[in-house]
2 protein chains.
Amino acid sequence: MGLEEDLKQSKFANEHQKAMVNILFTSNWISNRNAAYFKKFNISPEQFNVLRILRGSNPKPMRLADIAERMIEKNSNCTRLVEKLRQKGMVDRQLCEANRRQVDISITSRGLKLLAEIDKDVDHWLTIQKSITKAEAEELNRILDKLRQ
Amino acid sequence: MGLEEDLKQSKFANEHQKAMVNILFTSNWISNRNAAYFKKFNISPEQFNVLRILRGSNPKPMRLADIAERMIEKNSNCTRLVEKLRQKGMVDRQLCEANRRQVDISITSRGLKLLAEIDKDVDHWLTIQKSITKAEAEELNRILDKLRQ
DNA sequence: GTATTACATTTGTATAAACAATAATAGTAT
DNA sequence: ATACTATTATTGTTTATACAAATGTAATAC
């Protein structure tokens, strides 16, 4: 189903405007699906993203600011998001003694276990892989990167 | 600047996962730019979107449900968003006598004037048009539509 | 050493999103 | 007519976003 049907709209001013709306709409579409999927693990999509970021650095901990600049939603409040993950036992907070302004965050074994469980559940991730080819994904990445120049 | 630099990340599991993150990140990037741009007009991006939807139907009014299914963010609360626009004098609410469950919403002359002003301000819209070609916009639209199949 | 500036994180707050529940009206079956 | 169901919109509530302000620490200038 094309964007015109999804938004019950027949016309766009031009391809560029349509592309902009299409990116926003598709992003919302993905977000909603992800949120529904992650609900059973009791985490939000961006919380999942932060866990993946921390796993990438593991066992080296990360500062809040380093996490924040890797997050998809740059405006979201890293302190509070990480605190939510800590309350769930997914991450560990440790005041950095070398520089007492910063806090070291690292993923716990429980957090790693959750990620492993989600990684195994390929059905969810397959949805996008089945719909577009690798070449199309590459082309998509190229155009999106170019758009933000 | 590519996604890896934007997110300070060196590797993605595969092109499909990168594409998913790229869509979400680019959508946020656009949203933030739009929000900053529309701030001087004292409206939000989705409020602007609804005004455009109402202009498309003008002079025929629209029901709330019809507006809602054309909105980009399907979860957002149409009643409250339209009420915000009404408070700003951009739209008109009229109880439908033929079916007293529904409410007819139409854009006011003030709303049309605002849209005309924004339309004239091409500098903002040119940003995306300068970065990618028409052919790339078409390809982007094709791939995104295919992805949501 | 004190003041100033920069840095890293936390806290506060207004607004919006997500989702469920309610209310009001209209249509349908018996 | 009455009960039942569907439709349309509103309201309520919890959580998250956006952004500004404040806190605490470190580095630098004088």
Side-chain angles (χ1 to χ4, degrees), chain A residues 24-25 27-40 42-50 61-88 91-106, chain B residues 8 24-25 27-50 61-88 91-106:
Chain A
L24 297 172
F25 178 72
S27 172
N28 259 276
W29 183 87
I30 293 172
S31 286
N32 287 338
R33 288 171 56 96
N34 282 348
Y37 172 74
F38 288 125
K39 191 167 272 183
K40 64 178 165 187
N42 193 32
I43 55 169
S44 72
E46 191 68 310
Q47 284 173 15
F48 167 73
N49 186 37
V50 167
M62 290 179 78
R63 296 181 312 146
L64 275 177
D66 291 331
I67 298 171
E69 72 178 2
R70 284 167 177 76
M71 282 172 66
I72 294 171
E73 295 167 36
K74 299 294 186 204
N75 293 323
S76 107
N77 195 314
C78 198
T79 300
R80 283 194 268 247
L81 189 147
V82 165
E83 174 58 15
K84 292 274 165 59
L85 288 172
R86 194 197 59 75
Q87 284 169 12
K88 292 167 192 162
V91 304
D92 201 52
R93 280 175 56 101
Q94 195 124 13
L95 221 131
C96 177
E97 285 304 328
N99 187 340
R100 291 170 55 77
R101 282 175 301 188
Q102 59 201 43
V103 186
D104 283 339
I105 313 290
S106 50
Chain B
K8 308 274 187 302
L24 297 172
F25 178 72
S27 172
N28 259 274
W29 183 86
I30 293 172
S31 285
N32 287 339
R33 286 172 57 96
N34 281 348
Y37 172 73
F38 289 125
K39 190 167 271 183
K40 65 178 166 187
F41 300 107
N42 193 32
I43 56 169
S44 72
E46 191 69 310
Q47 284 174 14
F48 167 73
N49 188 38
V50 167
M62 291 180 78
R63 298 180 311 145
L64 274 178
D66 291 331
I67 298 171
E69 71 178 2
R70 283 167 179 77
M71 282 171 66
I72 294 171
E73 294 168 35
K74 300 294 185 202
N75 293 323
S76 107
N77 194 313
C78 199
T79 300
R80 283 195 267 247
L81 190 147
V82 166
E83 173 59 15
K84 292 275 165 60
L85 287 172
R86 194 196 60 75
Q87 285 170 10
K88 292 167 192 164
V91 305
D92 201 52
R93 281 175 55 100
Q94 196 124 13
L95 221 130
C96 177
E97 285 304 327
N99 187 339
R100 293 171 54 77
R101 283 173 301 186
Q102 59 200 42
V103 186
D104 283 339
I105 313 291
S106 50

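A, B, ... follow the sequence lines: proteins, then strands. Residue 1 opens every chain.
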Range on DNA chain D touched by chain A, heavy atoms, distance below 4.0 Å
dA16(D) to dA26(D)

Does a sphere of radius 6.0 Å around CD in Gln87(A) hold more than 12 heavy atoms from other residues, nucleotides or ligands, not counting ones at 6.0 Å or beyond?
yes

Under 4.5 Å between any side-chain heavy atoms of Trp29(B) and Lys74(A), yes or no?
no

Given DNA chain C, 5'-ward residue of the pair Met62(A) and Lys84(B), judged by closest heavy atom:
Met62(A)

Could you check how far CG of Asp66(A) sits from C1' of dA8(C), rounded to whole Å?
11 Å

Euclidean distance, atom CD1 of residue Ile67(A) to atom P of dA8(C) [Å, nearest integer]
14 Å

Measuring only between side-chain heavy atoms, which start at C-beta, is Pro61(A) closer than 4.5 Å to Gln94(A)?
no

Gln94(A) CD to dA8(C) P, straight-line distance once rounded to whole Å:
19 Å

Where do Val82(A) and Val91(A) come nearest, in terms of heavy atoms and distance?
O-CG2, 3.7 Å

At under 4.0 Å between heavy atoms, how does the protein contact nucleotides 17-26 of chain C? Give one character per nucleotide, 5' to 3', with B, S or -.
SBB-----BS

Check: Leu81(A) and Leu85(A) side chains under 4.5 Å, non-hydrogen atoms:
yes

Whole angstrom is fine here: how far is it from CD in Glu83(A) over to C1' in dT9(C)?
13 Å

Looking only at atom types and distance, does a side-chain atom of Arg70(B) sit under 3.5 Å from a main-chain N or O of Asp66(B), one as donor and one as acceptor?
yes

For Ser44(B), is there any backbone N or O sitting under 3.5 Å from a side-chain donor or acceptor partner on Lys84(B)?
no

Who pairs with Arg100(B) by salt bridge (charged side-chain N to carboxylate O under 4.0 Å, His left out), at least two apart in sequence or on another chain?
Glu97(B)

